[in-house]
Amino acid sequence: MHLPLAVLPLLAATSVAKVHHPRREPCAKLLDRDVCIIGGGSSGTYAAVQLAEKGHSVAVIERQDHLGGHAVTYTDPDTGKPINMGVILFHDIPIVRDYFGLLGVELGPADASGGAITQYFDFTTGAAVPGFELPDQETLGAALAKYGTILQERYPDISLAYNLPDPVPEELVRPYAEFIEEHGLQAIVNLVNSIAGGNGNLWERPALFGIKVFSPMLLAAFNKGFINAASGDNRDLYRAAEKRLGDDNVILSSTVTKVERNSKGVKVTVDTPEGKVTCKGKKLLVAIPPTTESLKTIKIKLTEGESRLFRQFKGVLYGSAVVTNAGFNDSTALSNIGTDNPYNLMSLPGTYSYSGESGTNKVRAYYGGTESNIGLTEEEIKALITGELDNLERAGTIGEGDTEFVFFVNHSPYHVHVDSETVAGGFYKELYEVEGKTNTFWTGAAFVDQDSSLIWSWSEEYLVPLIVDSLKK
Ligand SMILES: Cc1cc2nc3c(=O)[nH]c(=O)nc-3n(C[C@H](O)[C@H](O)[C@H](O)COP(=O)(O)OP(=O)(O)OC[C@H]3O[C@@H](n4cnc5c(N)ncnc54)[C@H](O)[C@@H]3O)c2cc1C
């Protein structure tokens, strides 16, 4: 239980006699498993469930007190309504339906907009941008069809993972904005930017990343529609996964203190509130972001090859918050654009969108920035959001109201990627070659992209069979 700091001195002052409790010996636990998995977010949980289904023993070691990673939900205390503040939508494809079906979680159609019509303003001024216009439906449809055809004809193999031709085509290494210009696809920019919110300065990064974010699989999903947990709370999937895997196989609130790997197997040592746990495994699956900073948190000694690759990864700032502000009503949906920026893209760091959550007095906010904004503190981000809402109020875009934060989460590092020279140098070919070495496998968005349906498809098609094969040897 978390007690507010202010209460602690009061408790100390009122304790008259010291009560001696028998010292609780932390109980050490040894788990012998086929696969020890570090990270119980989208990729780690999916792999755990599928490996267990195939008869392999697993243990998932997760830092938080629940599984789910970016699948976070704010439950409105006034109405009891769950509001997904991380993962909102899944593609309507068999793999998603099968996974939910296996875990007994009912699915329903998803509508992220809540029916509100989005309006566009520059949040740095709070005002509309003169001359800004969205393309008409016909122009947008034609551009999307052209985009789909180009990707299908030129890059059919990067739909799932980063399976790049060798040598890497020059146009994939040049900025995404150039790809869009050269193919006359300007009409899709606003749509990509709203779908790709969270990816920071995507337009300046290699076209490869734009194509991965706004992928052929996503285009197909637009035609089919999206789905999510029928309850409206996507964490239900992870609650069900936790139950199916069983208490002995899900190690929550854990701090990894040591990872040992050799040709015979692996050993992960973990501190938990209940005591020390050691997972001895034939294989290790690392399912946390493979950036230097994140990997430091599991004290893993990387091989020279792993270290050379992973230290090139960088992520961007991305997160979400729920605020109250009387100037909003629950049908207000505002999207951020930039007055003087190319394609009227919003300025970063900033908030991608504000939307009133239907039936509540709460407003969702999704904020983000570039690689260089990743160190912004919670206070700095909250000040940025409050400043934008003040701008919108001053410009008369929203009514009068003070901003109060009722929920805040920072999902960084998000969209873990590498720079253009690194892509050109064959990084992704080498990346997949680390799989299985030193009895270790790697997974997560950095290996596929930030999309659960895509991660699960790749895991099903490639990663899980690879692990299963390695267990037979
Ligand atoms: C705001 C937001 C909205 C999104 N919307 C969607 C959407 O609508 N649809 C969709 O498909 N995707 C969406 N995504 C993307 C999706 O969440 C990611 O693609 C997916 O979660 C990536 O899975 P992962 O396993 O790589 O990482 P995560 O899900 O982040 O899992 C990593 C896990 O590792 C754990 N971990 C980290 N360090 C340690 C440590 N030292 N020890 C133990 N555990 C550790 C973390 O706590 C976490 O549980 C969204 C993401 C965000 C942030």
Side-chain angles (χ1 to χ4, degrees), residues 36-48 59-74 83-91 93 95-96 99 110-112 195-199 212-213 215 217-218 221 226-229 234-235 237-238 241-242 250-257 259 268 270-272 277 279 285-291 293-300 315-322 352-353 364-368 407-416 442-459 463:
C36 304
I37 301 174
I38 305 178
S42 176
S43 63
T45 304
Y46 186 83
V60 183
I61 297 156
E62 167 56 46
R63 179 167 64 179
Q64 299 196 66
D65 64 1
H66 58 268
L67 299 181
H70 291 319
V72 292
T73 307
Y74 167 75
I83 306 176
N84 291 310
M85 289 307 298
V87 180
I88 304 172
L89 315 159
F90 301 97
H91 302 201
I93 53 176
I95 199 162
V96 172
Y99 188 31
D111 175 13
I195 301 290
N199 293 288
K212 285 295 292 166
V213 166
S215 64
M217 194 168 155
L218 195 62
F226 293 92
I227 45 181
N228 63 10
N234 282 330
R235 279 210 41 221
L237 180 72
Y238 292 94
E242 218 171 295
V250 180
I251 319 303
L252 298 173
S253 306
S254 60
T255 305
V256 177
T257 55
V259 176
V268 182
V270 175
D271 279 343
T272 76
V277 177
C279 183
L285 175 62
V286 182
I288 70 171
T291 58
E293 282 306 302
S294 292
L295 291 171
K296 268 188 201 153
T297 66
I298 60 166
K299 320 271 183 317
I300 190 169
V316 299
L317 175 78
Y318 188 40
S320 57
V322 180
Y352 289 94
S353 63
R364 306 152 173 252
Y366 294 93
Y367 63 84
F407 175 86
F408 181 90
V409 60
N410 189 335
H411 296 281
S412 313
Y414 200 69
H415 200 258
V416 172
W442 304 83
T443 185
F447 290 77
V448 200
D449 189 41
Q450 295 283 0
D451 181 331
S452 282
S453 311
L454 196 62
I455 292 172
W456 302 342
S457 301
W458 176 74
S459 306
L463 184 77

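Just so it is clear, the values below take in all heavy atoms, side chains as well, and ignore hydrogens, waters and symmetry mates. Both counts, for ligands and for their atoms, begin at 1 and track the order of listing.
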Does the side chain of Thr73 come within less than 4.5 Å of Asn234's, by heavy atoms?
no
So, the side chain of Thr45 versus the backbone of Gly40: is there a donor-acceptor pair under 3.5 Å, distance only?
yes
Parallel under 30°, tilted from 30 to 60°, perpendicular over 60°: which one fits the rings of Trp456 and Phe90?
parallel
How long is the span from the OH atom in Tyr46 to the OG1 atom in Thr443, to the nearest 0.5 Å?
11.0 Å
Anything with a heavy atom under 4.0 Å from ligand 1 counts, so go ahead and list those protein residues by chain and number.
Ile38, Gly39, Gly40, Gly41, Ser42, Ser43, Ile61, Glu62, Arg63, Gln64, Gly69, His70, Met85, Gly86, Val87, Ile88, Leu89, Ala287, Ile288, Thr297, Ile298, Tyr318, Tyr366, His411, Tyr414, Gly444, Ala445, Gln450, Asp451, Ser452, Ile455
Picking from Ser43, Ser42, Ser457, what satisfies side-chain hydrogen bond (donor to acceptor under 3.5 Å, both in side chains) with Ser452?
Ser42
Residues at least two apart in sequence or cross-chain that pass side chain to side chain contact (heavy atoms under 4.5 Å, CB included) with Val448, listed by chain then number, are Leu454, Ile455, Trp458
